[in-house]
Amino acid sequence: MTQHLVDPRAPRDLTAFIATLPKAELHVHHVGSASPRIVSQLAARHPDSKVPTDPEALADYFTFTDFAHFIDVYLSVVDLIRTPEDVRLLTYEVACDLARQQVRYAELTITPFSSTRRGIDERAFMDAIEDARKAAEAEFGTVLRWCFDIPGEAGLQAAEETARLATDDRLRPEGLVSFGLGGPEVGVARPQFKPYFDRAIAAGLHSVPHAGETTGPQTVWDALTHLRAERIGHGTSSAQDPKLLAHLAEHRIPLEVCPTSNIATRAVRTLDEHPIKEFVRAGVLVTINSDDPPMFGTDLDNEYAVAARLLDLDERGLAELAKNAVEASFLDAAGKARITDEIDTYTAQWLTR
Ligand SMILES: O=C(O)c1cccc(C(=O)CC[C@H]2O[C@@H](n3cnc4c(=O)[nH]cnc43)[C@H](O)[C@@H]2O)c1
Ligand SMILES: [Zn+2]
């Protein structure tokens, strides 16, 4: 597998700056963030799995020929998460990895349907993620919130189950803030999910569907008009529609940009061809994210290094990117002010050290 970690063209001192820059992450998946160590441990527990137990073999296993192949591999890892203890271990380990990168706040996308349909009790699932969330905040100060997403290819049954789990006051976890739509976009039209997003929004959740990752700008328009998206997951193809770019900029609708993900799933051919520059040029609010970091051979720090290279950023430019994510987050105003101040103080001290 091609290792994307630590873009060799990023200036060394920016790498050091990025490593301790306080950050927020808005587009990162629960199962997709399972570290090679965790995946290997879980694969060893389940010899029937086709997922390799050896970290090196796993790195090759995480090499994708296209998006559909990525989903197949992703689901083979989903199959390893079989007990509430697996869920808690995974969630806590993901929180550790985020804290290690100075992530102060993260909205983690979780697909509860995929776990409940595989037999994990829904109440035990919610307790497991909440237990890990509270432990992470107590131990690292990292604030986690949840996005529950519909695996769109699984259809309206998955949509109904996800909406029920997200809106039933007896079940919905305290940390839940948003409602999303993931999985393949091709053949999975966004408008059909409107009733489920309406229910989630009525229950106080924010709409953050994936759109424009592997399909054109119409999918982004559909996410905005039918699903009332407040942010767009990826939105990569928005660059093909100047009117859409202008709309996103005018209404300050953030894009959750995941550069290396787009290369690894072959949604974009090369990093130098990534439309992130067009987004910035059009005035769109760009946030930087890792999506499924171990699967894509990256992490959030590397995604900031990639952005620094593609956008020719210095420390102040990187700090602005970090503050974009805080602004676009669903954290409360006091929390946003706290992390924004931390970023500003850190950057000022770095530049005068
Ligand atoms: O769980 C099932 O049984 C199931 C059945 C049919 C289809 C699916 C999915 O499509 C699950 C997709 C899964 O992938 C997650 N994900 C992670 N990264 C991305 C991404 O970059 N773009 C779209 N989806 C992504 C998503 O959250 C779903 O959980 C499942
Ligand atoms: Zn994603």
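Read the numbers this way: they start at 1 and go in the same order the structure lists the ligands and their atoms. Note that these values count all heavy atoms, side chains included, but never hydrogens, waters or copies made by symmetry.
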For residues 239-249, dump all side-chain donor-acceptor pairs below 3.5 Å to protein atoms at least two apart in sequence or in another chain.
| residue | atom | partner | partner atom | Å |
| --- | --- | --- | --- | --- |
| D241 | OD1 | K243 | N | 2.9 |
| D241 | OD1 | L244 | N | 3.1 |
| D241 | OD2 | W221 | NE1 | 2.8 |

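Considering the Zn ion (ligand 2) as centre, the angle to OD1 of D291 and to NE2 of H210 is 180° (10° rounding). Computed with the Zn ion (ligand 2) at the centre, the H27 NE2 to H29 NE2 angle is 110°, stated to 10 degrees.
Residue H234 does not count as close to the Zn ion (ligand 2), with no N, O or S atom under 2.8 Å.
The local environment of CZ in R316 is sparse, with at most 12 non-hydrogen atoms from other residues, nucleotides or ligands closer than 6.0 Å. For CD of E56, the number of neighbouring non-hydrogen atoms (other residues, nucleotides, ligands) closer than 6.0 Å is 12 at most.
Contact annotation: H234 has at least one heavy atom less than 4.0 Å from an atom of ligand 1.
Residue I71 touches ligand 1 through its side chain alone, judged by heavy-atom distances below 4.0 Å.
Of the candidates D149, T265, V188, it is D149 that places a heavy atom closest to atom 26 (C) of ligand 1. Between the choices S33, A154, S115, the shortest heavy-atom distance to atom 6 (C) of ligand 1 belongs to A154.
Applying the 4.0 Å criterion to heavy atoms of P151 picks out, from ligand 1, the atoms 8 (C), 9 (C), 11 (C), 30 (C).
Between R118 and ligand 1, at least one pair of N/O atoms sits closer than 3.5 Å. Between H27 and ligand 1, a contact under 3.5 Å exists for no N or O pair.
Shortest non-hydrogen contact noted between S49 and V51 is OG-N, 2.9 Å.
For the pair R88 and Y92, the distance from NZ or CZ to the six-membered ring centre is under 6.0 Å and the angle to the ring normal is within 45 degrees.
A tilted orientation is assigned to the rings of H29 and H210, their planes being inclined by 30° to 60°.
Here the CZ atom belonging to R199 is positioned 13.0 Å from the CZ atom belonging to F193, to the nearest 0.5 angstrom.
Atom 7 (C) of ligand 1 has E153 OE1, 3.5 Å as its closest protein atom, hydrogens excluded (heavy atom only).
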